[in-house]
Amino acid sequence: MTSLQLLYVASALGAFLFFAAGAIASALRARPMPRFAAVAVAAAPMPEPRSPFEPDADETYALREALDEVRTTLATAERERESHERRAREADAKVAEQARTLRDLATEGERMRGRLADADAMRSDYVRLRTMSTDGEYLRGEVARLQKELHEVRQVALGVRPKVQPRAVKPLKALASQPKGSIGESLVGALAHFADDHTRACAVADPLGFPLAATGDDGLALAAYGALLLEAATRASQFLPFARPASVEVIDERGARIAAYTFDVDADRLVLVNLAVDVVDGVRLGTALAELAMILTPSTRPQS
């Protein structure tokens, strides 16, 4: 119950008590006197008439009690009103504090949105600069390639031919005998002569990785990987003044070696791939390449 409602109840209670006291006083004054008291009234002296507005003791006591109750009710209502007003002030203070907090959060949100916009702008600038850097790298590569082509064109125009050092391989006439049997059997036999105790697998493949012959458990995979190594080595000429690769070697952290050696058969360029745990002897390698070339050269194949 609110303070205003308590005031209304106290006012109604006071009015009711006031009208009840007036009704009781009117009823007492209008009550008739008994007959046996008529002689006494006649014999006794007449008392002074009492004012109709002066209440008796009982009425006064009842009115005082009613007034005390009304005062108590009013005091309780006043205390409750003060309590409600205090709570209302505290609630207003909390609302004001929350409003300030909300304004601060809104300001911080605006500042963060501004920072986010700045970050988006910086990211756009970074992407633009990165694109420009990539384009610059590509253009530098193109300039280097064009300079190389221009240099080669000038050499051709002047009649200059680069000197190519032939690779030292064992002459074909030093081989023991001509290949016998089918080409596949001859290739496998040449790979068996080339392998030693440190060899794990070896293969002969074309530039696309198709195996012509292979030995060991990993021979087929070794042929495909040898073609991949040859392709990567061939691309070196796009960036560096580098001629056709003659060999490519990959060594892992445990000392295993994958080596790819190229050799020409007529107009075809083939590759010998070897997986071993030791360095391949140069003499043995030259002999194997010469034997493989002789087996695959049509003019040296035995006639059936």
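Please read all numbers here as calculations on a predicted model, not as lab measurements.
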**OP:** List the steps, then state whether salt bridge (charged side-chain N to carboxylate O under 4.0 Å, His left out) holds for Glu97 with Lys94.
**Re:** CA-CA 5 Å; Glu97 182 67 24; Lys94 291 182 179 180; over 6 Å; no

Could you tell me which non-hydrogen atom of [X] sits nearest to which non-hydrogen atom of [Y], and how far apart they are?
X: Gly219; Y: Ala203; result: O-CB, 3.5 Å
X: Ala293; Y: Asp264; result: CB-O, 4.3 Å
X: Gly226; Y: Ala260; result: O-CB, 4.5 Å
X: Gly255; Y: Asp252; result: N-OD1, 2.9 Å
X: Ala190; Y: Ile295; result: CB-CD1, 4.0 Å
X: Ala201; Y: Gly216; result: CB-CA, 4.2 Å

How long is the span from the [atom1] atom in [X] to the [atom2] atom in [Y], to the nearest 0.5 Å?
X: Leu187; Y: Thr215; atom1: CG; atom2: OG1; result: 11.0 Å
X: Met112; Y: Leu105; atom1: CE; atom2: CG; result: 12.0 Å
X: His193; Y: Leu292; atom1: NE2; atom2: CG; result: 11.0 Å
X: His84; Y: Arg86; atom1: NE2; atom2: CZ; result: 10.0 Å
X: Glu110; Y: Arg115; atom1: CD; atom2: CZ; result: 13.0 Å
X: Glu80; Y: Glu82; atom1: CD; atom2: CD; result: 11.0 Å

**OP:** Give the C-alpha distance, both sets of side-chain angles, the deciding distance and a yes or no for side chain to side chain contact (heavy atoms under 4.5 Å, CB included) between Asp206 and Asp268.
**Re:** CA-CA 8 Å; Asp206 63 1; Asp268 297 328; over 6 Å; no

Quick one: does [X]'s side chain get under 4.5 Å of [Y]'s, heavy atoms only?
X: Lys148; Y: Arg145; answer: no
X: Leu285; Y: Phe194; answer: yes
X: Arg269; Y: Thr234; answer: no

Can you hop from [X] to [Y] via hydrophobic side chains spaced under 4.5 Å?
X: Val279; Y: Val250; value: no
X: Leu212; Y: Leu289; value: yes
X: Val204; Y: Leu275; value: no
X: Ile183; Y: Val188; value: no
X: Tyr261; Y: Val271; value: no

Subject >> Trace of the side-chain hydrogen bond (donor to acceptor under 3.5 Å, both in side chains) decision for Thr76 with Arg79 >> reply: CA-CA 5 Å; Thr76 304; Arg79 287 192 299 270; 3.3 Å; yes

Just by modelled atom types, is the [Y] backbone N or O under 3.5 Å from a matching donor or acceptor in the [X] side chain?
X: Thr72; Y: Asp68; result: yes
X: Asp125; Y: Arg128; result: no
X: Thr262; Y: Leu270; result: no

Subject >> Identified side-chain contact (heavy atoms from CB on, under 4.5 Å) counterpart of Val277 within the set Arg257, Arg200, Arg254 >> reply: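 That would be Arg200.
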
Subject >> Side-chain H-bond candidate by donor/acceptor type, Asp196 with Thr199, under 3.5 Å >> reply: yes

Subject >> Qualifying side-chain hydrogen bond (donor to acceptor under 3.5 Å, both in side chains) pairs with a residue from residues 217-233, counting only residues at least two apart or across chains >> reply: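 Listed once each, the pairs are Glu231-Arg235.
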
**OP:** Determine, step by step, whether Ile258 and Leu222 satisfy the side chain to side chain contact (heavy atoms under 4.5 Å, CB included) criterion, reporting the C-alpha distance in whole Å, the side-chain angles of both residues, the deciding distance to 0.1 Å, and the verdict.
**Re:** CA-CA 8 Å; Ile258 299 177; Leu222 193 62; 4.0 Å; yes

Original post:
Should the heavy atoms of other residues, nucleotides or ligands under 6.0 Å from CG of Asp197 be counted, would the total exceed 12?
Top reply: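 No, because the 6.0 Å sphere around CG of Asp197 holds 12 heavy atoms or fewer from other groups.
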
**OP:** Report the C-alpha separation of Arg87 and Glu90 in whole Å, then their side-chain angles, then the decisive distance to 0.1 Å, and conclude whether the salt bridge (charged side-chain N to carboxylate O under 4.0 Å, His left out) test is met.
**Re:** CA-CA 5 Å; Arg87 293 179 181 176; Glu90 292 176 356; over 6 Å; no

